[in-house]
A.B. asks: 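Before I ask anything, here is the structure I am working with.
Quick caveat, the model's predicted, so the values are computed rather than measured.
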Amino acid sequence: MLMSRELGIGGTERQLVQTALSLDRSHFETHVGCFFGDGFRAASLRAAQIPILELPVRSFMRWSAVDGAMRMVRYLRRHRIQVVHTFDVPMDVFGVPVARFARTPVVISSQRAHRDLTPGLYTRLLRFTDRMVDALVVNSRAVERELTTQHHVPPSLIRFWPNSIEPSEYHTEPRVRQPQVADAELVIGSLCALRPEKGLELLLEAFAQAQIPQATLLMVGSGPSEALLKERAAALGLGDRCRFVPMVTNAAEWYRSIDIYVLPSRSEASSNSLLEAMSCGCCVIASNTGGNPELVEGGVSGLLFTSGDSNSLREKLLTAASDRGLRGRLAQAASEKIRREFSVAASAERAARLYTELLKRR
């Protein structure tokens, strides 16, 4: 059983669904568990006839948590589930202990973001679940280093499993502008959840400083920082040069509307949006934090700037905006790298090997 808090927008949710859909049905009977089963990604699971267990847990401090735990135990035993793999922090904290109580043979947790983004109570709880699992999956070497050096997780417990992407969905052609930017000569953009750690206010500042007359800044996404970002854009006097679009489901078409994709994150483990943008043929600029340098080789498959430094980002924007040939070379190298190293097929093989290895060991 693969488990996450919900099945909606988000890189973790996408990775879970991709794993569920790509595992070999002749060897694995996949089930999915979540707290909220009405996300748009649930439709593809149901279309593939993959069962979804929705647990009515709304707070770990209320009866719903006990009710959800009892339902999960009954489900695991009734279906004789052999592997439980939790994909995010809420399910690490909830699903791992419940699976152990149900005596599930193999229990795996995940750390798909840096723990400095996790509230203090959850961090303390994760120290317990780290020692209850048979393996802990990470999606970047940066997170692996953090866990072993700062949180004392035994290196033997950690399994490196990078994010993956479906090249048949995220491809380079046709590069047709979406209507909202059809009039733009050059589109500099970002497509991600609008959260503080994404550092998008830095992109606004660097774009304003760069003063690239032919460029339009596009921000696609929704989230808690949306209102503040719009206020900042207005304060910088960007006007129609900066356009906001709510989160979309046809992400690939929007990536192909962007010439220069920017990920200015202050904290990033392994970015799904960066993978997608690279696969879709964008010239990418990313902060040199976390797992970003593992995806982007500076000057080869994209450009890296000093995290948190608007002047450094401004210089990279000017470099990319002024040299169309450079943008093309970087974009081509990026798309080839993603297809070679981060395919869904390779990820499915990795998942199958991990699950089979741990089952044999148990």
Side-chain angles (χ1 to χ4, degrees), residues 11 114 138-145 160-173 175 186-192 198-199 202-203 206-207 210 212 215 217-218 251-252 254-347 350:
H114 290 288
V138 299
N139 58 0
S140 75
R141 296 299 185 185
V143 170
E144 179 179 8
R145 289 192 295 272
F160 175 60
W161 178 349
N163 292 346
S164 64
I165 197 166
E166 181 51 70
S168 64
E169 179 181 358
Y170 293 93
H171 45 81
T172 58
E173 300 294 338
R175 299 197 67 78
L186 178 73
V187 177
I188 297 171
S190 193
L191 191 159
C192 61
K198 295 300 180 182
L202 193 77
L203 174 55
F207 179 78
I212 305 169
L217 180 60
L218 174 66
W254 284 91
Y255 286 118
R256 291 193 289 269
S257 294
I258 296 172
D259 301 295
I260 303 171
Y261 183 85
V262 184
L263 184 69
S265 304
R266 293 197 295 264
S267 177
E268 195 73 59
S270 182
S271 169
N272 284 284
S273 66
L274 197 55
L275 279 174
E276 293 164 354
M278 294 170 73
S279 187
C280 287
C282 298
C283 170
V284 299
I285 301 175
S287 58
N288 63 348
T289 190
N292 288 348
E294 298 173 30
L295 299 178
V296 179
E297 184 179 355
V300 177
S301 55
L303 300 175
L304 293 169
F305 73 93
T306 304
S307 180
D309 187 337
S310 63
N311 289 326
S312 177
L313 175 53
R314 175 182 59 82
E315 291 173 5
K316 300 302 182 184
L317 287 174
L318 289 169
T319 297
S322 64
D323 192 335
R324 184 171 185 173
L326 175 65
R327 294 200 303 270
R329 292 192 296 274
L330 295 177
Q332 181 177 351
S335 63
E336 291 174 354
K337 175 185 176 72
I338 299 308
R339 280 158 175 71
R340 184 174 62 250
E341 301 178 20
F342 297 91
S343 70
V344 169
S347 180
R350 192 183 298 268

A.B. asks: Do you know the tightest heavy-atom contact between S271 and N292?
C.D. replies: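 Between these two residues, the closest heavy atoms are CB-OD1, 4.3 Å.
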A.B. asks: Among all residues two or more places apart in sequence or in another chain, which pass the salt bridge (charged side-chain N to carboxylate O under 4.0 Å, His left out) test with E144?
C.D. replies: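 Result, salt bridge (charged side-chain N to carboxylate O under 4.0 Å, His left out) vs E144: R141.
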A.B. asks: Quick one about Y261 and S273 (side-chain donor to acceptor, distance below 3.5 Å, no hydrogens or angles considered), yes or no?
C.D. replies: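 Short answer, yes.
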A.B. asks: Report yes if some heavy atom in the side chain of P162 is under 4.5 Å from a heavy atom in the side chain of R350; otherwise report no.
C.D. replies: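 A side-chain contact under 4.5 Å exists here.
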A.B. asks: Please evaluate residues N288 and V296 with respect to the criterion side-chain contact (heavy atoms from CB on, under 4.5 Å), reporting the C-alpha separation (whole Å), side-chain torsions for both, the decisive distance (0.1 Å), and the verdict.
C.D. replies: CA-CA 9 Å; N288 63 348; V296 179; over 6 Å; no
A.B. asks: For the backbone of A142 and the side chain of E294, can you confirm whether one donor and one acceptor N or O come within less than 3.5 Å of each other?
C.D. replies: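 Confirmed, E294 side chain pairs with A142 backbone.
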A.B. asks: Is the backbone N or O of L186 less than 3.5 Å from a side-chain atom of D259, with the two atoms forming a donor-acceptor pair by type?
C.D. replies: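 Flag not set: sc D259 to bb L186 has no pair under 3.5 Å.
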A.B. asks: Please name the pair of heavy atoms, one in I188 and one in A215, separated by the smallest distance, quoted to 0.1 Å.
C.D. replies: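 Heavy atoms only, the tightest pair is CD1-CB, 4.0 Å.
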A.B. asks: Taking the side chain from S265 and the backbone from E268, do they hold a donor-acceptor pair closer than 3.5 Å?
C.D. replies: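 Absent.
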A.B. asks: Should C282 and R175 count as side-chain neighbours, where that means a heavy-atom distance under 4.5 Å?
C.D. replies: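 With C-beta onward as the side chain, the pair touches.
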A.B. asks: Test of understanding: with ring pair (Phe, Tyr, Trp, His ring centres under 6.0 Å), list the residues that count as partners of F207, not counting sequence neighbours.
C.D. replies: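 Checked F207 against ring pair (Phe, Tyr, Trp, His ring centres under 6.0 Å); zero matches.
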A.B. asks: Any heavy-atom pair between the side chains of L202 and F305 that's under 4.5 Å?
C.D. replies: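 With C-beta onward as the side chain, the pair touches.
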A.B. asks: Show, in sequence, the C-alpha distance, side-chain angles and deciding distance for V284 and L274, and conclude whether the side-chain contact (heavy atoms from CB on, under 4.5 Å) test is met.
C.D. replies: CA-CA 8 Å; V284 299; L274 197 55; 4.0 Å; yes
A.B. asks: Of all the heavy-atom pairs spanning T172 and S279, show the shortest one and how long it is.
C.D. replies: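 Where T172 meets S279 most closely, the heavy atoms are CG2-O, 3.5 Å.
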A.B. asks: side-chain hydrogen bond (donor to acceptor under 3.5 Å, both in side chains) with S164: which residues, sequence neighbours excluded?
C.D. replies: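 Per chain and number, S164 pairs via side-chain hydrogen bond (donor to acceptor under 3.5 Å, both in side chains) with Q15, Q18.
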A.B. asks: What are the two closest heavy atoms between S267 and H114, and how far apart are they?
C.D. replies: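 Reported closest heavy-atom pair: OG-CD2, 3.6 Å.
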A.B. asks: Applying side-chain contact (heavy atoms from CB on, under 4.5 Å), run through W254 and L218 and close with a yes or a no.
C.D. replies: CA-CA 10 Å; W254 284 91; L218 174 66; 3.9 Å; yes
A.B. asks: Walk me through it: do Y170 and I338 pass the test side-chain contact (heavy atoms from CB on, under 4.5 Å)?
C.D. replies: CA-CA 10 Å; Y170 293 93; I338 299 308; over 6 Å; no
A.B. asks: Under a 3.5 Å distance rule, please check whether N163 uses its side chain to pair with a backbone N or O of S270 as donor and acceptor.
C.D. replies: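 Confirmed, N163 side chain pairs with S270 backbone.
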A.B. asks: Under a 3.5 Å distance rule, please check whether S301 uses its side chain to pair with a backbone N or O of E297 as donor and acceptor.
C.D. replies: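 Yes: the side chain of S301 pairs with the backbone of E297.
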A.B. asks: Tell me which donor-acceptor pairs under 3.5 Å the side chains of residues 307-316 have, and how far apart each pair is, sequence neighbours excluded?
C.D. replies:
residue: D309; atom: OD1; partner: N311; partner atom: N; Å: 3.0
residue: D309; atom: OD1; partner: S312; partner atom: N; Å: 3.1
residue: S312; atom: OG; partner: T306; partner atom: N; Å: 3.0

A.B. asks: With the side chain counted from C-beta on, respond yes when V187 and S257 share a heavy-atom pair under 4.5 Å apart, and no when they do not.
C.D. replies: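 SC-SC contact between V187 and S257 ruled out.
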A.B. asks: Under the salt bridge (charged side-chain N to carboxylate O under 4.0 Å, His left out) definition, can you give me all pairs with a residue in residues 325-345, not counting sequence neighbours?
C.D. replies: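 Output for this query lists K337-E341.
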A.B. asks: How long is the gap from CD1 on I285 to CG on L304, to the nearest 0.5 Å?
C.D. replies: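 Between I285 CD1 and L304 CG, I get 10.0 Å after rounding to 0.5 Å.
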A.B. asks: Quick one: pull up CG in L263 and OG in S287 and give me the separation to the nearest 0.5 Å.
C.D. replies: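 Result: 5.5 Å between the selected atoms.
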A.B. asks: Apply salt bridge (charged side-chain N to carboxylate O under 4.0 Å, His left out) to R256 and list each qualifying residue two or more places apart in sequence or on a separate chain.
C.D. replies: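 Partners of R256 under the salt bridge (charged side-chain N to carboxylate O under 4.0 Å, His left out) test: none.
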A.B. asks: Do V138 and W161 have side-chain heavy atoms sitting under 4.5 Å apart?
C.D. replies: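 Answer no - side chains too far apart.
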A.B. asks: Using side-chain heavy atoms (C-beta onward) and a distance below 4.5 Å, is L326 in contact with L330?
C.D. replies: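 L326 reaches L330 side chain to side chain.
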A.B. asks: At what distance, to the nearest 0.5 angstrom, does SG of C283 lie from CE of M278?
C.D. replies: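 So the SG of C283 and the CE of M278 are separated by 10.0 Å.
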